[in-house]
Amino acid sequence: MGGGRMLYARVGALVLVGIVLAVAFVLFLAGGRGLQATEVFETYFEESVQGLDVGAPVRYRGVAIGRVTQIGLVAAEYPRQAGTSYSAGFQRVFLRFAVDLAQVGETPDLAEAVRLGLRSRITAQGITGVNYLELDFVNPDRFPVPNLPWTPRNPVIPGVPSTVAQVTNAAELLISRLADLPVDEIARDIAGLLSNLNRQTGDGDLAQVLREAALTMTLLRSTVQDSDLAGAVAEFRAAATDARALLGSTEIRNALRSTSGAAAELNRAAQRLPQAVEGFERTMRSARETTVDIQAELIPILIDLRATTANLRATAEQLRRAPSQLLFGAPPTPDRRR
């Protein structure tokens, strides 16, 4: 009886140890995520999420901070409300991912981070075809926050196209534009241009210009060969030597010093010129004031002289008419009683 109980105790202990080891193994495989404080976010993409599975890492600039927990279609997760158009938003794929807050540290408010350009994108991990979700800051003007026609169940970090998607879209746009080009018309224009160029170089104006240029170069080459180029260079060197000697002569140096002295004297005279102008202005003001005073004194004299002249003119007129009246006086008044 005692041996059976001991056997049961051993089996029970073995089972408990196995359960503990299994739990520890599961926690090891999960990286201890069940013991960490996490927060779930959502993001949406308009491209294929091929290569991204549940459990894929979430990285912020290469640092693992969480795991993808759910992948699905927006149309299945958020059914379209009655009267709502089937917009492009319901053609997207949604991703939910858990972020270990201890790995992130102190961060700004989510709305502020999104305003500053926090976005998510799908990034390839090497050439294996395995992708992961990357969080990073981008230009918010280039990738604005979209308006969602549904109410998300978790905080949203907007998604942006991956690098592969951007390259693919650019290539498709380039191919579309190339397809719209009038290739046949461009080919005809190029053929016409080449034909005109061939005709011009054969017997047209361009051919004549080329022949004249070749003749000019031939004449120039013969002129250079026939001219005494060495003698001209020697004369130029001699002239340069004479000019250098002239510039270094005593006369030139004295002339430069005299010029410097004259310039200094002219500068001093220019500095004294404002004082001379001011003195001239004072003299002119004094002369103007003196003229005004003399004019004020001459006006009464001129008035008296004018009156005297008038009296003299009247006296002369009286003498001309009756000279005796000045000597004997006026004749007596006749007696009217007689």
Side-chain angles (χ1 to χ4, degrees), residues 33 36-101 103-104 106-125 129-177 179-180:
R33 294 192 297 271
Q36 299 171 353
T38 60
E39 184 173 356
V40 179
F41 297 91
E42 287 188 15
T43 186
Y44 309 98
F45 296 101
E46 297 181 357
E47 59 182 291
S48 173
V49 294
Q50 178 68 30
L52 186 67
D53 298 323
V54 174
V58 177
R59 302 179 184 274
Y60 174 71
R61 295 187 174 180
V63 179
I65 60 173
R67 295 279 177 178
V68 176
T69 60
Q70 186 179 359
I71 301 176
L73 297 176
V74 171
E77 185 69 15
Y78 299 103
R80 183 170 59 92
Q81 300 294 331
T84 305
S85 62
Y86 193 78
S87 61
F90 290 98
Q91 303 175 14
R92 301 180 183 180
V93 177
F94 78 90
L95 275 77
R96 289 196 178 103
F97 54 94
V99 175
D100 183 7
L101 301 180
Q103 295 290 332
V104 176
E106 184 178 1
T107 59
D109 182 70
L110 179 61
E112 180 66 16
V114 171
R115 188 188 67 82
L116 294 175
L118 180 62
R119 301 292 187 270
S120 62
R121 65 157 60 96
I122 299 174
T123 304
Q125 188 171 352
V130 179
N131 297 329
Y132 64 91
L133 188 64
E134 182 183 16
L135 301 181
D136 203 347
F137 284 89
V138 298
N139 186 0
D141 296 332
R142 183 182 178 188
F143 300 104
V145 179
N147 295 323
L148 303 177
W150 62 86
T151 302
R153 296 189 178 93
N154 300 284
V156 177
I157 298 178
V160 298
S162 63
T163 304
V164 175
Q166 294 183 34
V167 172
T168 303
N169 294 334
E172 291 177 353
L173 180 61
L174 179 60
I175 293 174
S176 176
R177 292 183 177 179
D180 295 337

| request: Look at atom CZ of Arg142 and say whether more than 12 heavy atoms of other residues, nucleotides or ligands are closer to it than 6.0 Å. | output: no
| request: Test the Arg59-Tyr132 pair against the cation-pi criterion, namely NZ or CZ under 6.0 angstrom from the six-membered ring centroid and within 45° of the ring axis. | output: yes
Could you state the interatomic distance from [atom1] ([X]) to [atom2] ([Y]), rounded to the nearest 0.5 Å?
{"X": "Asn154", "Y": "Thr43", "atom1": "CG", "atom2": "OG1", "value": "12.0 Å"}
{"X": "Leu135", "Y": "Leu118", "atom1": "CG", "atom2": "CG", "value": "6.0 Å"}
{"X": "Leu110", "Y": "Arg115", "atom1": "CG", "atom2": "CZ", "value": "12.5 Å"}
{"X": "Phe137", "Y": "Arg119", "atom1": "CZ", "atom2": "CZ", "value": "9.5 Å"}
{"X": "Asp100", "Y": "Glu39", "atom1": "CG", "atom2": "CD", "value": "11.5 Å"}
{"X": "Arg96", "Y": "Leu133", "atom1": "CZ", "atom2": "CG", "value": "14.0 Å"}

| message | Is it the case that the side chain of Arg92 and the backbone of Tyr44 share a donor-acceptor pair, with hydrogens and angles ignored and the cut-off at 3.5 Å? | response | no
| request: Look only at the side chain of Tyr78 and the backbone of Arg153, and say whether a donor-acceptor pair between them is shorter than 3.5 Å. | output: yes
| query | Looking at Arg121, Glu47, Glu134, which hits side-chain hydrogen bond (donor to acceptor under 3.5 Å, both in side chains) with Ser162? | reply | Glu47
Side chains of [X] and [Y], heavy atoms from C-beta outward: is any pair under 4.5 Å?
{"X": "Pro158", "Y": "Ser120", "value": "no"}
{"X": "Val68", "Y": "Asp53", "value": "no"}
{"X": "Leu73", "Y": "Val93", "value": "yes"}
{"X": "Val40", "Y": "Phe97", "value": "no"}

| Test side-chain contact (heavy atoms from CB on, under 4.5 Å) applied to Phe41 and Val99, step by step | CA-CA 8 Å; Phe41 297 91; Val99 175; 3.7 Å; yes
| said: Under 6.0 Å between ring centres: does that hold for Phe94 and Trp150? | reply: no
| field | Trace of the side-chain contact (heavy atoms from CB on, under 4.5 Å) decision for Leu95 with Phe45 | value | CA-CA 8 Å; Leu95 275 77; Phe45 296 101; 3.7 Å; yes
